[in-house]
Amino acid sequence: MRYYFAMKLFLDTANTDYVAEIAAWGVLDGVTTNPSLVAKEGTLRGVSRQADFKKVVLEMCKHVPCVSAQVTSTDFAGMKKEGEEYASWHKHIVVKVPMTTEGLKALSYFRSKGIKTNTTLVFSVPQAILAAKAGANIISPFVGRLDDAGEDGMKLIKEIMEAWSHYGFDCEVLVASTRHPGHIVDAARYGAHICTIPYDLFKKLPVHPLTDAGIKRFLDDWEKVKK
Ligand code: G3P
C-alpha cells in the first residue's frame with residue numbers, strides 16, 4: 001500500500017533499468033531526468049534525439065505516475081513548443097522548466113493549459129515564491145550544489161517550508177541534488193513533499209550493518225534449533 005501523506009521518493013536518473021529495479025521495491029513515486037543525466041546514459045547518440053528521449057521517458061511512465069522531462073529552449077516560445085510536445089506523449093509527464101523570467105512565462109502558460117510543471121534550478125526563497133505564484137506544480141531547489149558552493153542547502157529547504165506553511169500554494173517542494181542520506185533525513189524532518197535521489201544513494205537507503213548482522217545471527221541460531 002502507498003501512503004501518499006508521506007514524503008514522495010523520486011529517482012534522479014535517465015536509466016530505465018534503474019527505474020524498473022527501484023520501482024519493484026514498491027516505494028517509488030516518480031522520476032526526474034535532465035539533459036546531463038540523459039547525456040550520461042548516452043541514450044541520445046542516435047539519428048533522432050527526440051525519438052530516443054521519447055522512448056526513454058515513455059518506458060519510465062510504465063513504472064511511475066510522475067516523470068519530469070526538461071525543456072532545453074531558453075525562450076518562452078521554444079519552451080511552450082517543447083513542453084506541449086512532451087505533455088502530448090503521456091499523462092504522467094511533467095514538463096521541467098528552468099527558473100528564469102522566460103521560464104516563469106512558460107509556467108503560467110502551462111498552468112492555464114493544465115500541463116503539469118516542475119521548476120528546476122531553484123536556489124533562493126524569492127525564486128521559489130515566484131515559481132509557485134507563476135503556477136509551478138513542483139519546485140526543485142538544488143541542495144547539493146548549494147553545499148558545493150559553501151552554502152547550506154538544507155537551510156533553504158527549511159526556509160521554503162516555513163514560508164509555504166503560511167500560504168496555500170498548490171506547489172510541492174522537491175529536494176533535488178541530494179548527495180547523502182542526511183539530505184533525505186532532513187527533507188523529511190522539514191516536511192518537504194518530494195525528494196529525488198540518485199541511484200547509488202537510493203541503493204544505500206535500505207542497508208544497515210546491524211540489519212545484516214541481525215539476519216546472520218537469526219539464521220545461525222535457526223541452524224542450531226534444527227540440529
Ligand atoms: O535533480 C537535479 C539533479 O540531477 C542535480 O544533481 O548532483 O548534478 O547537482 P547534481
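Indexing begins at 1, ligand by ligand and atom by atom, following the structure's order. Note: hydrogens, waters and symmetry copies are ignored here, and every other heavy atom, side chains too, is used.
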Exercise for the section: Taking atom types as modelled, find out whether Y109 and E84 have a side-chain donor-acceptor pair closer than 3.5 angstrom. Expected result: yes
### Message
For a quick check under 3.5 Å, do S68 and T32 share a side-chain donor-acceptor pair by atom type?
### Response
no
message: If you apply the rule salt bridge (Lys or Arg N to Asp or Glu O under 4.0 Å), what do you find for E21 with K203, and how did you get there?
response: CA-CA 10 Å; E21 180 187 341; K203 292 276 280 182; 2.6 Å; yes
Stepwise salt bridge (Lys or Arg N to Asp or Glu O under 4.0 Å) test for R189 and D186:
CA-CA 5 Å; R189 286 178 57 222; D186 285 342; 2.8 Å; yes
Measure from every N or O atom of ligand 1 to the protein's N or O atoms and keep only the pairs below 3.5 Å, writing each with atom names and distance to 0.1 Å.
{"from": "ligand 1", "atom 1": "1 (O)", "to": "D12", "atom 2": "OD1", "distance (Å)": "3.1"}
{"from": "ligand 1", "atom 1": "1 (O)", "to": "D12", "atom 2": "OD2", "distance (Å)": "3.1"}
{"from": "ligand 1", "atom 1": "4 (O)", "to": "D12", "atom 2": "OD1", "distance (Å)": "3.4"}
{"from": "ligand 1", "atom 1": "4 (O)", "to": "D12", "atom 2": "OD2", "distance (Å)": "2.6"}
{"from": "ligand 1", "atom 1": "4 (O)", "to": "N34", "atom 2": "ND2", "distance (Å)": "3.0"}
{"from": "ligand 1", "atom 1": "7 (O)", "to": "R179", "atom 2": "NE", "distance (Å)": "3.2"}
{"from": "ligand 1", "atom 1": "7 (O)", "to": "R179", "atom 2": "NH2", "distance (Å)": "3.1"}
{"from": "ligand 1", "atom 1": "8 (O)", "to": "R145", "atom 2": "NH2", "distance (Å)": "2.8"}
{"from": "ligand 1", "atom 1": "9 (O)", "to": "R145", "atom 2": "NE", "distance (Å)": "2.7"}
{"from": "ligand 1", "atom 1": "9 (O)", "to": "S177", "atom 2": "OG", "distance (Å)": "2.7"}
{"from": "ligand 1", "atom 1": "9 (O)", "to": "R179", "atom 2": "NH2", "distance (Å)": "2.7"}

Practice task
Determine, step by step, whether F202 and Y18 satisfy the ring pair (Phe, Tyr, Trp, His ring centres under 6.0 Å) criterion, reporting the C-alpha distance in whole Å, the side-chain angles of both residues, the deciding distance to 0.1 Å, and the verdict.
Solution key: CA-CA 10 Å; F202 220 122; Y18 292 167; over 10 Å; no
Q. Do we see a donor-acceptor contact under 3.5 Å between the side chains of T33 and Q70?
A. no
